[in-house]
There are 2 protein chains.
Amino acid sequence: MPEHPLETFFAPGSIAIIGASRDDKKIPGLLLTFLRRNGFAGAIYPVNPAHDSIDGLPCHPSVGVIGRPVDLAIVIIPARAVLAALEDCAAAGVRHAIVISSGFAEEGGASAGMQAEIAALARRTGMRVCGPNAEGFYNEPQRIAATFSPTVDVKPEAPRLVATPRRLGIIAQSGGIGFAIYNRARAMGVAVSKVISTGNEADLATGEFLGYLAQDDATDVVVLFVEGIRDAQAFVAAARRAAEARKPVIAVKVGRTVAGARAAASHTASMAGWTAAYDAVFARYGITVCDDLDEAVAIAAAFCVAPPAKGRRVGVVTVSGGAGAWIADAAAAQGLQIPELPGPMQAEIRALIPSYGAPRNPVDITAQAVHSGGLQKVVALLEASDEVDAIAVAVSLASETRMPVKAAEIGPLLGAQRKPILIFTYTLPSAFARAELAAAGTVAFSGVASLARALRCLADRGDFVPPPPVPAHPRAQSGIAGRLSEHESKALLRAAGIAVLHEVLVPEKARLAATLAGMSFPLAMKIQSRDIPHKSEAGGVRLDIRDAGEAAAAFTDLIENARRFRAGADIQGVLVGPMACPGIEMIVGAVNDPTFGPIVMAGFGGIATELFRDVVYRPAPVDETEALAMIDALKSAPLLDGFRGAARADKAALAALIARLSSLADAWQDDVAEIEINPVRVHAAGEGVTVVDALVAGKAAAPPRPD
Amino acid sequence: MPEHPLETFFAPGSIAIIGASRDDKKIPGLLLTFLRRNGFAGAIYPVNPAHDSIDGLPCHPSVGVIGRPVDLAIVIIPARAVLAALEDCAAAGVRHAIVISSGFAEEGGASAGMQAEIAALARRTGMRVCGPNAEGFYNEPQRIAATFSPTVDVKPEAPRLVATPRRLGIIAQSGGIGFAIYNRARAMGVAVSKVISTGNEADLATGEFLGYLAQDDATDVVVLFVEGIRDAQAFVAAARRAAEARKPVIAVKVGRTVAGARAAASHTASMAGWTAAYDAVFARYGITVCDDLDEAVAIAAAFCVAPPAKGRRVGVVTVSGGAGAWIADAAAAQGLQIPELPGPMQAEIRALIPSYGAPRNPVDITAQAVHSGGLQKVVALLEASDEVDAIAVAVSLASETRMPVKAAEIGPLLGAQRKPILIFTYTLPSAFARAELAAAGTVAFSGVASLARALRCLADRGDFVPPPPVPAHPRAQSGIAGRLSEHESKALLRAAGIAVLHEVLVPEKARLAATLAGMSFPLAMKIQSRDIPHKSEAGGVRLDIRDAGEAAAAFTDLIENARRFRAGADIQGVLVGPMACPGIEMIVGAVNDPTFGPIVMAGFGGIATELFRDVVYRPAPVDETEALAMIDALKSAPLLDGFRGAARADKAALAALIARLSSLADAWQDDVAEIEINPVRVHAAGEGVTVVDALVAGKAAAPPRPD
């Protein structure tokens with residue numbers, strides 16, 4: 001396989017520091033100091049016309065005069081000087097650059113223009129640029145600290161805690177957060193491959209970096225901190241590649257709220273985007289969404305020390321009964337099971353623990369059994385059994401001199417792990433305990449909730465298979481503009497192969513009688529106007545019309561209500577049709593996201609969607625298998641499976657509708673903004689679904705009406 | 001005020017250690033070692049017939065021969081010898097005892113009997129006993145370490161980090177968890193008053209200890225770790241006292257799941273009980289429920305360093321834009337607001353930060369402004385303004401030499417805090433930084449989620465007023481046994497003043513016609529049998545009966561369906577009545593909890609209750625004000641407030657029904673197990689509610705039927 005183009009970005013043979021300085025209290029000076037102190041073995045070329053030499057290294061007035069190949073230039077000069085420096089770099093054949101300087105798109109105005117010029121330069125010259133407003137990277141195995149983050153400010157002789165056999169890669173737009181994750185992972189003993197801060201992402205962005213880590217042999221697990229994705233196609237391809245390579249990805253997405261989005265916009269000039277679209281993409285590729293620093297690190301750590309779990313049954317082995325009860329509750333809250341162990345196994349355990357211990361699961365071995373070696377024996381028993389799929393061991397690791405779990409004894413168990421064994425400490429772990437566990441190749445977890453979440457992620461991972469790519473549909477034009485009325489929307493959907501009821505648009509009252517002649521009561525009548533998307537609120541719906549007299553009165557009322565609701569509304573007439581058969585009311589729709597394109601959604605009608613937000617999203621298109629998985633992911637899914645003695649609903653027909661609608665949204669993405677079928681009624685199994693109401697809206701504004 | 005009887009428990013002048021030992025690798029030896037090493041200033045009397053002296057102290061063969069007053073005896077001898085030793089203690093006038101020994105109720109069998117004898121001894125002699133199976137206590141201000149927990153194994157000369165002006169008390173049945181909370185609080189710098197491990201609670205239990213801490217001048221905030229409450233009355237009284245004293249209480253309740261309850265049962269022999277009853281009591285007294293160790297400590301820390309917030313608007317001041325965005329999202333997820341600051345204030349802030357910073361809120365001052373002193377100035381500006389109610393400051397505190405926030409500058413702001421100012425670090429805080437912050441009287445928060453939760457708790461606390469005690473109702477006998485049928489239940493409720501529809505029980509078909517004569521169609525008909533509580537499932541309900549013919553046919557069907565559903569069911573007849581007017585369907589009920597007595601509940605009917613568990617509980621009785629608060633605490637509450645253009649519902653009538661039902665449950669608690677009104681339809685404001693169905697069940701089994 002050819003070398004990845006970013007290989008020399010992360011492992012440059014030579015680095016130029018443009019704007020290098022002697023003052024290592026400030027960023028330019030720190031860059032040089034950290035690079036050298038961490039033992040960078042390649043050539044370093046300080047560039048600064050104000051100095052002849054810095055810290056014993058010859059200093060060059062410009063990149064052009066170095067006269068030797070430069071793999072990476074780190075640029076830390078005032079924003080207004082950056083573009084010229086980058087031009088110099090490109091002219092000198094520099095392969096990659098990191099712009100640390102701030103004051104570009106995040107500042108707005110003319111500064112945003114300078115960033116656009118950097119992007120153009122990268123496209124034009126082929127020199128790849130990270131930043132601006134970035135904090136650089138750290139390549140930990142090769143000790144390349146191309147960053148001013150104080151978290152790499154280590155004494156060379158300081159012992160490094162590297163506990164995990166697998167390594168974590170970290171990508172963050174925010175250097176502060178990226179290196180904070182690094183800082184916490186390192187404190188826990190998690191081995192790190194690369195930490196990269198991507199800043200404003202004028203050129204190189206998160207998706208491309210994820211693609212690099214997905215193929216990087218030094219990286220096994222990835223944590224992302226995302227304010228907004230700029231290279232969505234690259235991101236999606238990278239997410240698929242990581243899933244196929246079985247590399248777990250954990251993502252923190254901020255900017256989910258108005259204030260968070262405001263912060264992201266002014267920080268790295270990211271448009272935070274529509275949260276549901278992000279979650280849709282994350283869900284499809286098995287990316288774990290996370291909300292806390294320590295939780296992200298704990299989940300990553302679990303993937304770095306343990307294999308995925310083959311099922312959801314957890315054995316809890318504890319020195320503290322209280323901790324055992326707590327872990328059991330937290331694990332159950334994550335949807336895991338803590339099965340009571342079978343009698344014979346309990347009897348075996350009883351022989352290893354005091355009489356006042358508990359062998360049922362949680363297994364409370366009591367502090368006593370630590371001294372007698374009972375802990376290791378019980379863990380070994382569970383490890384060898386078929387009763388549990390993962391093991392959580394709760395101990396106190398506060399002591400600086402004594403270990404309740406002996407590395408020598410538990411090490412072989414961990415080394416041969418066929419199922420995850422995670423060690424939890426209810427007290428804070430001592431440095432001694434961390435080092436002892438590291439010798440056995442594992443780490444200590446110290447949060448109850450994050451331990452349980454990590455166990456659940458291991459079980460989710462055990463199940464997870466990335467869905468096969470759904471072939472994209474040939475693009476097509478729907479030909480619409482603006483928002484359609486119900487009957488226009490339904491006509492479009494019907495023409496595209498979605499079954500809708502036979503309904504007739506009656507433009508004026510005089511033609512009502514003729515229409516009724518071909519129909520049987522009871523009937524439904526609905527006002528039709530592009531200007532009245534929510535008909536019920538406008539008094540625009542009449543149901544259960546039983547005879548022609550009721551129909552005539554209803555027609556008049558509907559037109560009058562509409563005129564009262566919105567004077568000047570363009571009324572197309574009244575849609576007349578049969579009452580839809582009863583069924584479970586759901587919503588199926590698609591929205592065209594500016595970042596990720598069409599996103600399909602499914603949810604239950606009424607309060608489930610409105611108040612409980614019980615809605616599932618996936619990138620369109622989905623096939624029927626993925627559509628079924630969407631349905632089953634709804635909290636209200638039991639309603640479709642014969643809830644409380646009701647008939648099972650036609651999930652297959654609903655899945656087919658979701659899949660079909662997702663294909664349409666995909667094909668029509670050039671001119672359709674939104675499709676919503678709300679409600680669709682799902683009938684009993686085998687009896688299909690009925691599209692009761694529908695709305696399609698084009699991206700372009702509707703042409704002005706000829707008034 | 002007289003001294004609290006537990007004052008000499010926590011501050012004894014003299015301590016006897018029964019079972020004292022020289023071997024400080026084991027528990028008996030550690031007790032003596034830790035007591036002395038932490039500097040206990042009172043008399044220590046080792047008791048052990050095997051030794052003449054231990055560690056330079058004379059050792060006594062029994063408590064009886066000490067010949068001096070003993071305030072506290074710590075008992076650590078084999079379980080079978082404990083009772084006799086306690087008898088000796090009581091005879092010698094010992095005031096309090098802690099039984100560390102295990103092997104009592106948690107072991108079951110005869111060992112549980114020994115525990116009952118300890119309880120009886122305490123009642124008989126008046127000597128108060130903590131434990132058995134306890135880990136003792138630590139009185140931190142007075143340095144009394146009556147415990148073998150390794151977390152008090154400190155070098156006397158080791159520096160202590162005490163950052164907070166207020167002190168935390170900790171009560172846990174589990175010593176492991178109690179001292180783990182202590183361990184983490186101390187590491188963070190939270191000052192601690194007392195940590196007490198209550199073990200199996202044969203005599204002294206959590207409620208009584210909470211009552212002590214509620215009046216203890218050294219304690220300002222309390223964390224509880226609860227497996228099950230044994231002294232419910234004392235607990236409730238203590239919770240009220242703490243609320244009235246404005247001492248925040250944070251509770252972790254485990255045993256919420258089957259496995260968690262199993263663990264609690266075998267650990268401290270606690271019956272974990274019905275989770276909803278605990279949450280009902282916690283909610284009434286403003287006790288914060290928490291699920292994680294670090295979260296509990298973070299919330300406690302917030303209360304120890306900051307005043308309650310007067311509102312929910314948070315200002316975020318950050319050195320890292322990413323951290324600012326994350327905190328904003330996390331705070332919004334907790335229901336807090338991060339308002340954009342007004343223009344003039346933004347202009348003031350702009351003058352203090354670089355051009356690429358952000359003044360809107362989150363305020364991104366950038367790393368640059370740390371050096372220029374902008375951070376303190378921005379915080380001071382927000383502190384003085386009326387735009388926010390609390391301030392979160394995000395910095396990196398990893399450095400062992402440099403501080404982004406200067407204690408000398410921020411100290412005065414913190415000292416005069418009128419609104420909470422919490423400091424968050426995205427990197428892990430260094431010991432140096434913790435010490436510097438301690439000098440300014442504050443601590444560093446390091447979890448995003450727990451910081452947001454802590455901010456929310458400060459805002460909740462600002463609002464919170466303990467509800468006035470609702471006078472208990474005179475006990476009354478409902479006179480029922482077993483489960484009543486619907487019409488029996490309704491008759492009971494009607495007699496007790498709850499309005500129900502006029503319905504007639506028709507015992508046989510021959511009497512149907514006469515009943516119909518007095519009614520107007522449409523009618524509802526429902527099978528009545530104590531053996532068929534779920535009538536719909538049995539085909540036992542017919543609605544919208546339009547004439548006498550339909551009614552006759554329905555009668556036959558209902559009886560036949562019932563016989564088919566349950567052969568031998570005792571059928572009382574068919575209840576005939578008017579159709580209930582439409583309304584929003586809700587559930588109101590009460591359950592008699594074995595720990596806390598009657599608990600009243602309210603929720604929405606259908607899937608909101610079944611699938612989303614949108615139900616609120618409170619201890620009965622509640623008044624109408626508390627009932628209204630219950631209704632408003634439902635996620636679905638907007639449904640009652642004119643959702644999507646619907647009429648506002650009669651919340652007052654619903655609240656009156658909840659209050660009335662809660663009074664009945666309270667009065668009838670001796671013989672009623674459960675009352676459920678499901679559904680009750682809530683009509684438009686001013687139009688009241690309709691009890692559609694009801695079920696009352698007695699505690700005693702129904703008398704056998706004379707077959």
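Here is the naming used below: chain letters follow the sequence lines, and residue numbers restart at 1 for every chain. Everything numeric in this text was worked out from a predicted model, so none of it was measured.
Residue A:Pro339 touches chain B through its backbone alone, counting heavy-atom pairs closer than 4.5 Å. With a threshold of 4.5 angstrom between heavy atoms, B:Phe225 approaches chain A through side-chain atoms but not through N, CA, C or O. Of the atoms belonging to B:Val258, not a single heavy atom falls under 4.5 Å from chain A. For chain B, no part of A:Ala330 is nearby; none of its heavy atoms comes within less than 4.5 Å. When heavy atoms are compared at a cutoff of 4.5 Å, A:Ser174 approaches chain B solely by way of its side chain, counted from C-beta outward. At a 4.5 Å heavy-atom cutoff, the contact between A:Tyr426 and chain B is made by backbone and side-chain atoms alike. Residue A:Val319: no heavy atom, backbone or side chain, is found under 4.5 Å from chain B. For A:Asp329, the parts lying under 4.5 angstrom from a heavy atom of chain B are both the backbone and the side chain. In this structure, chain B has no heavy atom under 4.5 Å from any part of A:Ser399. Using a 4.5 Å cut-off between heavy atoms, A:Thr425 contacts chain B through its backbone alone, with no side-chain atom that close.
Pairs of residues two or more places apart, or lying in two chains, that qualify as side-chain hydrogen bond (donor to acceptor under 3.5 Å, both in side chains) and include a residue from residues 356-368 of chain A are A:Glu340-A:Arg360.
With B:Val448 as reference, A:Asp292 is the one residue of A:Asp292, A:Ile177, A:Asp291, A:Asp294 to meet the side chain to side chain contact (heavy atoms under 4.5 Å, CB included) rule.
Interface check for chain B: of the options A:Ser355, A:Ala449, A:Gly324, A:Ala323, the most heavy-atom pairs under 4.5 Å are formed by A:Ser355. Among the candidates A:Ala358, A:Gly103, A:Ser536, the residue making the largest number of heavy-atom pairs closer than 4.5 Å to chain B is A:Gly103. Interface check for chain A: of the options B:Ala452, B:Ser446, B:Ala637, the most heavy-atom pairs under 4.5 Å are formed by B:Ser446. Contact count versus chain A (heavy atoms, under 4.5 Å) is highest, among B:Ala328, B:Ser102, B:Pro354, B:Ala172, for B:Ser102. Between chain A and the residues B:Arg262, B:Gln337, B:Lys26, B:Glu537, the largest count of heavy-atom pairs under 4.5 Å involves B:Arg262. In terms of heavy-atom pairs under 4.5 angstrom with chain B, the leader among A:Ala105, A:Gly108, A:Gly447, A:Gly322 is A:Gly322.
Between A:Leu428 and B:Asn183 the shortest heavy-atom distance is N-OD1, 2.8 Å. Among all heavy-atom pairs drawn from B:Pro362 and A:Ala263, the shortest one is CG-CB, 3.6 Å. Closest non-hydrogen pair, A:Thr257 versus B:Ala332, comes out as CG2-CB, 3.5 Å. Residues A:Ile338 and B:Ala259 share a closest heavy-atom pair of CB-CB, 3.5 Å.
Listed by chain and residue number, nothing satisfies the ring pair (Phe, Tyr, Trp, His ring centres under 6.0 Å) test with B:Phe179 (two or more places apart in sequence, or in another chain).
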How far apart are the C-alpha atoms of B:Leu293 and A:Trp326, what are their side-chain angles, what is the distance that settles it, and do they pass the side-chain contact (heavy atoms from CB on, under 4.5 Å) test?
-> CA-CA 10 Å; B:Leu293 271 164; A:Trp326 201 349; 3.6 Å; yes
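Rounding to the nearest 0.5 Å places CZ of A:Arg613 at 13.0 Å from NZ of B:Lys635. The line from CD of B:Glu400 to CG of A:Asp153 is 11.0 Å long, rounded to the nearest 0.5 Å.
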